[in-house]
Amino acid sequence: MKAFPELPDSRFGIIYADPPWDYRGQLQHAGVGSGDTGGAVRHYPTVGLSDLKKLDVAGIAEDDCLLFMWATNPHLDQAIELGRAWDFQWATVAFVWDKERVNPGFYTLSQCELCLVFKRGRIPAPRGARNVRQFVRSRRGSHSEKPAEVRRRIEAMFPTQSKIELFARTKTEGWSSWGLEVMDPSQVPSPDARPSP
């Protein structure tokens, strides 16, 4: 049985991904007596690294392609490993998102999230804007929702390239969208066929 919906047959110059990182059921806590504030597993099916690696993302990438991937801080090492498993070379941190609100953490209060960029072949041409800033300040919204500003900045940098968002939660004009939340229900694998955390 299929673990994921089918990836499209098309190839893309820009791939934007927000993987559903597995926290092994861990919930966030706001302090003694406050209870938990939820966790990824309460909002969507999370996926372990070994199953994420099985996605043939290389098969939908142009020879010259950039992969922009969100990485929660505890999963930074896994994100770099995943980008390489998908046949991309690690490049740099594309965006640093200041959520303007803090989450509890084991070491410091968490306020920022990173969007990494990986490269396959050359940087896609033609290029658009080259003065796009790395730092994005945007108040955190619903769980795991990413700021639309990041997508807009990618569009400014690469206005003519074909683009896809993997693990998308909504459809965006000008982008192909792939993920359980935007698929036709008949294409979504049954829960017992999905990858386990």
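Bear in mind that the values here come from a model prediction, so they are computed numbers and not experimental data.
Glu113 places no side-chain N or O within 3.5 Å of a backbone atom of Lys99 that could act as its donor or acceptor partner. Side-chain atoms of Lys163 come within 3.5 Å of backbone N or O of Phe158 as a donor-acceptor pair. With Asp87 contributing its side chain and Gly59 its backbone, the two residues share no donor-acceptor pair below 3.5 Å. Put simply, the side chain of Trp70 never gets that close to the backbone of Tyr16: no donor and acceptor are under 3.5 Å apart. Counting only distance, with no hydrogens or angles, the side chain of Arg11 and the backbone of Ala61 share a donor-acceptor pair below 3.5 Å. A donor-acceptor pair under 3.5 Å is absent between the side-chain atoms of Arg169 and the main chain of Glu145, judged by distance alone.
Considering only heavy atoms from C-beta on, Asn103 stays 4.5 Å or farther from Leu109 through its side chain. Contact check for Val150 versus Phe68: no side-chain heavy atoms found under the 4.5 Å cut-off. The closest side-chain heavy-atom distance from Glu165 to Val182 is not below 4.5 Å. Under the 4.5 Å side-chain criterion, counting only non-hydrogen atoms from C-beta, Pro124 is in contact with Leu66.
In this structure, Trp86 CH2 and Met69 CE are separated by 4.5 Å, a value rounded to the nearest 0.5 Å. Cys112 contributes atom SG, which lies 10.0 Å from atom CD of Glu100 (distance to the nearest 0.5 angstrom). Of the inter-residue distances, the one linking Thr172 atom OG1 with Ile164 atom CD1 reads 11.5 Å to the nearest 0.5 angstrom. Between atom CG of residue Leu49 and atom NZ of residue Lys54 there is a gap of 11.0 Å, rounded to the nearest 0.5 Å. Going from atom CG of Asn131 over to atom CE of Met157 covers 10.0 Å, rounded to the nearest 0.5 Å.
In the hydrophobic cluster analysis, where Ile, Leu, Val, Met, Phe, Trp and Tyr join through side-chain heavy atoms closer than 4.5 angstrom, Phe88 is grouped together with Val93. At a threshold of 4.5 Å between side-chain heavy atoms, the hydrophobic network of Ile, Leu, Val, Met, Phe, Trp and Tyr places Leu76 and Phe135 in one connected group. When the side chains of ILVMFWY residues are joined at heavy-atom separations under 4.5 Å, either directly or via intervening members, Val96 and Ile80 end up in a single hydrophobic cluster. Leu52 and Trp90 fall within a single hydrophobic cluster, where Ile, Leu, Val, Met, Phe, Trp and Tyr are joined by side-chain heavy atoms under 4.5 Å apart, directly or via other members.
The environment of CD in Gln89 is sparse: at most 12 heavy-atom neighbours from other residues, nucleotides or ligands sit within 6.0 Å. Within a 6.0 Å radius of CG in Asp9, other residues, nucleotides and ligands contribute 12 heavy atoms or fewer. Under a cut-off of 6.0 angstrom, the local environment of CZ in Arg137 is sparse, with at most 12 non-hydrogen atoms contributed by other residues, nucleotides or ligands.
Using cut-offs of 30° and 60° for the angle between ring planes, the Trp21 and His75 rings count as parallel.
Contact between Ala17 and Phe167 at its shortest, heavy atoms only, is CB-CD1, 4.5 Å. The minimum heavy-atom distance between Ile154 and Phe95, with the atom names listed, is CG1-CE1, 3.9 Å. For the pair Ala79 and Ala71, the tightest heavy-atom approach, listed with the atom from each and the gap, is CB-CB, 3.5 Å. Between Ser162 and Glu62, the shortest heavy-atom contact is OG-OE2, 4.5 Å.
For the pair Lys171 and Trp175, the cation-pi test (distance below 6.0 Å, angle within 45°) is failed.
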Give the C-alpha distance, both sets of side-chain angles, the deciding distance and a yes or no for side-chain contact (heavy atoms from CB on, under 4.5 Å) between Leu82 and Val57. CA-CA 10 Å; Leu82 181 59; Val57 174; over 6 Å; no

CA sep, side-chain torsions, deciding dist, call: Ile60, Trp178, side-chain contact (heavy atoms from CB on, under 4.5 Å): CA-CA 12 Å; Ile60 64 167; Trp178 178 91; over 6 Å; no

What verdict does the side-chain contact (heavy atoms from CB on, under 4.5 Å) test give for Cys65 and Phe12, after you've listed the backbone C-alpha separation in whole Å, the side-chain angles of each residue and the deciding distance to 0.1 Å? CA-CA 7 Å; Cys65 181; Phe12 301 89; 5.6 Å; no

Please assess Val47 against Asp22 for the test side-chain contact (heavy atoms from CB on, under 4.5 Å), listing each intermediate value before the final yes or no. CA-CA 5 Å; Val47 182; Asp22 176 35; 6.0 Å; no

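For the side chain to side chain contact (heavy atoms under 4.5 Å, CB included) test with Leu166, the passing option among Ile15, Leu67, Asp18, Leu55 is Ile15; the others fail. Residue Asp98 forms a side chain to side chain donor-acceptor pair (under 3.5 Å) with just one option from Arg140, Arg139, Gln111, and that option is Gln111. No option in Arg152, Lys146, Arg151 other than Arg152 meets the side chain to side chain donor-acceptor pair (under 3.5 Å) test with Glu149.
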